[in-house]
There are 2 protein chains.
Amino acid sequence: MVAVMGIAERKVRERESMKAKILNAAFKLFLDHGIENVSIRNIAERIEFSPGTIYLYYRDKDQIFFELYNLAFGRFYEEQQKLQPIQDPYDRLYQGCQQYIRWGLANPKLYDLMFIVEIPMNVIAREECEDIGRRSFDLLRQTVTECIEKGKLRIKDVELGSTMIWNMLHGIVSLIIKRRILVPEETVEGMVSAMLDNFLLLLKR
Amino acid sequence: MVAVMGIAERKVRERESMKAKILNAAFKLFLDHGIENVSIRNIAERIEFSPGTIYLYYRDKDQIFFELYNLAFGRFYEEQQKLQPIQDPYDRLYQGCQQYIRWGLANPKLYDLMFIVEIPMNVIAREECEDIGRRSFDLLRQTVTECIEKGKLRIKDVELGSTMIWNMLHGIVSLIIKRRILVPEETVEGMVSAMLDNFLLLLKR
DNA sequence: ACCATTAACTAAACGCTGTTCAATTAAATT
DNA sequence: AATTTAATTGAACAGCGTTTAGTTAATGGT
């Protein structure tokens with residue numbers, strides 16, 4: 001009886017480790033060769049299992065992509081959270097924005113998955129998917145709230161202000177990532193920080 | 001001899017009309033069933049030719065996508081140009097921004113192709129592709145230039161200002177299109193116009 | 001220890017995809 | 001009418017996501 005329980009637990013562990021194995025292979029393929037080269041067959045080859053096996057652990061490809069999505073958001077959230085200790089809310093806002101852009105440009109594939117690509121969820125997870133996003137957005141909202149409370153912004157509505165800031169940041173990052181910005185490569189960095197500085201200056205009371 | 005010339009000209013016409021036929025089929029498939037359902041085979045079936053035939057008129061699928069890209073940008077540019085007669089540059093700026101957002105939200109698939117999707121150009125067209133984009137951007141730049149000349153903006157640098165505005169607009173449109181905005185569906189419209197108003201108000205001297 | 005049951009896995013298949021190319025048909029030229 | 005040129009096809013290749021029958025390995029009961 002005890003042995004039976006031990007086996008059941010081991011099986012759970014084995015299942016988890018197999019899921020992780022698949023996910024790691026998918027993540028590696030994703031980082032190394034782009035989302036377009038993450039195929040079930042490629043993953044299977046990487047972990048030396050047959051393609052069919054993967055469907056014993058994940059319902060479909062979208063579910064794998066959703067896991068990658070969460071992974072990416074986890075990393076992003078972690079970085080943003082590091083700035084929480086900063087006392088002055090405007091300073092925290094500024095650094096948060098700067099880090100958002102930096103992180104996005106440094107991790108274009110992750111950013112793509114998080115904010116640009118068609119959401120890879122056929123059935124479930126629409127809410128769960130928003131939850132992880134909302135957690136990150138809440139960090140910004142909190143900071144904006146404090147800024148407004150201390151009268152540091154020319155905007156009074158928290159929801160409006162947070163969304164505006166986020167949209168601006170996303171516009172900058174996504175257009176650069178997707179190579180739609182017409183400015184020459186070398187001058188991008190300068191342009192970006194100039195835009196951020198000017199935008200936050202406009203916002204500042 | 002004259003007849004020969006006539007035949008040659010007819011062949012050119014026939015070739016053009018075949019290219020148009022293919023492109024129209026592709027465009028219709030694109031609008032009706034999304035970019036993911038534009039396959040060479042689908043196009044071929046729609047025009048009642050074999051898949052191989054399409055490669056006699058377009059090098060590859062990307063070239064077809066590039067034509068669709070130009071088509072989309074043409075429509076967008078046309079709309080924007082209609083606002084040129086507006087005398088007051090700030091008014092023109094405001095209406096241009098409003099139209100940008102409206103058009104993007106009304107034509108999400110076209111917008112996607114123009115600004116979001118990975119640029120579908122394997123070999124050529126990188127410059128040509130920027131040209132059509134630049135023409136549209138120049139409309140905005142011109143308007144911003146006039147605004148600054150008349151001292152209506154709190155920003156002095158034309159390039160910076162234009163890019164900032166565009167990035168903000170793109171952030172708004174693309175996040176809504178890709179369903180990353182967390183606001184409920186009904187309140188989106190109000191939020192969007194509030195953001196636009198506030199942003200331009202921040203910019204206004 | 002043996003057998004029945006359950007779980008894990010594979011290989012092949014289905015219907016898609018973009019693209020190429022030998023073979024065929026139609027048109028134009030001589 | 002015969003020959004050359006152009007246009008078109010259909011099959012093939014290699015890839016894709018997904019399903020499933022059949023095989024193998026591990027477990028449970030007696």
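Excluded from the calculations below are hydrogen atoms, water molecules and symmetry mates; all remaining heavy atoms, backbone and side chain alike, are included. Labels below follow one simple rule: chain letters A, B, ... track the order of the sequence lines, proteins then strands, and each chain is numbered from 1.
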Inset, instruction - May I have the distance from Ile54(B) (atom CD1) to dG10(D) (atom C1'), rounded to whole angstrom? - result: 14 Å
Inset, instruction - Send over the distance from Glu45(A) CD to dC16(D) P, rounded to a whole Å. - result: 9 Å
Inset, instruction - Would you mind telling me which residue lines up with the more 5' stretch of DNA chain C, Glu48(A) or Val38(B), judged by nearest nucleotide? - result: Glu48(A)
Inset, instruction - Side chain of Phe49(A) only, please: which of dT10(C), dT18(D), dT19(C) is the nearest? - result: dT10(C)
Legend entry - Of the listed nucleotides dT10(C), dG18(C), dT18(D), the one nearest the side chain of Ile40(A): dT18(D)
Inset, instruction - Provide, to the nearest angstrom, the distance between the CG atom belonging to Leu56(A) and the C1' atom belonging to dT10(C). - result: 10 Å
Legend entry - Between C1' of dA7(D) and CZ of Arg10(B), the distance in whole Å: 12 Å
Inset, instruction - Select one nucleotide: of dT10(C), dG17(D), dA8(C), the one nearest the side-chain heavy atoms of Tyr57(A). - result: dA8(C)
Legend entry - Candidate nucleotides dC9(C), dT9(D), dT19(C), ranked by approach to the side chain of Ser50(B) - the nearest: dT9(D)
Inset, instruction - Would you mind reading off the distance between Ile47(B) atom CD1 and dT8(D) atom C1', rounded to a whole angstrom? - result: 11 Å
Inset, instruction - Determine the contact category for Asn37(A): base if any of its heavy atoms lies under 4.0 Å from a base atom, sugar-phosphate if only primed atoms, P, OP1 or OP2 are that close, otherwise nothing. - result: nothing
Legend entry - Test: Arg141(A) and Glu159(A) ion pair at under 4.0 Å: yes
Legend entry - Phosphate OP1/OP2 of dC16(C): any Asn42(B) side-chain N/O under 4.0 Å: no
Inset, instruction - Under 4.0 Å between any heavy atoms, over every strand shown, what does Ser39(A) touch: base, sugar-phosphate, or nothing? Just pick one. - result: sugar-phosphate
Inset, instruction - With sequence neighbours left out, write down each residue that passes side-chain contact (heavy atoms from CB on, under 4.5 Å) with Gln142(B), or none if nothing qualifies. - result: Glu146(B)
Inset, instruction - Check whether NZ of the Lys or CZ of the Arg Lys178(B) lies under 6.0 Å from the centre of the six-membered ring of Phe115(A) and within 45 degrees of that ring's axis. - result: no
Inset, instruction - Report the distance from atom CD of Glu14(A) to atom P of dA26(D), rounded to the nearest whole Å. - result: 10 Å
Legend entry - Carboxylate-amine/guanidinium proximity below 4.0 Å for Arg75(A) and Glu78(A): no
Legend entry - 5' priority, DNA chain D, between Arg41(A) and Pro51(B) [closest heavy atom]: Pro51(B)
Legend entry - Distance in angstrom units between Arg59(B) CZ and dC21(C) P, rounded: 15 Å
Inset, instruction - Indicate the ring-plane relationship of Phe27(A) and Phe30(A), choosing parallel, tilted or perpendicular according to the 30° and 60° boundaries. - result: tilted
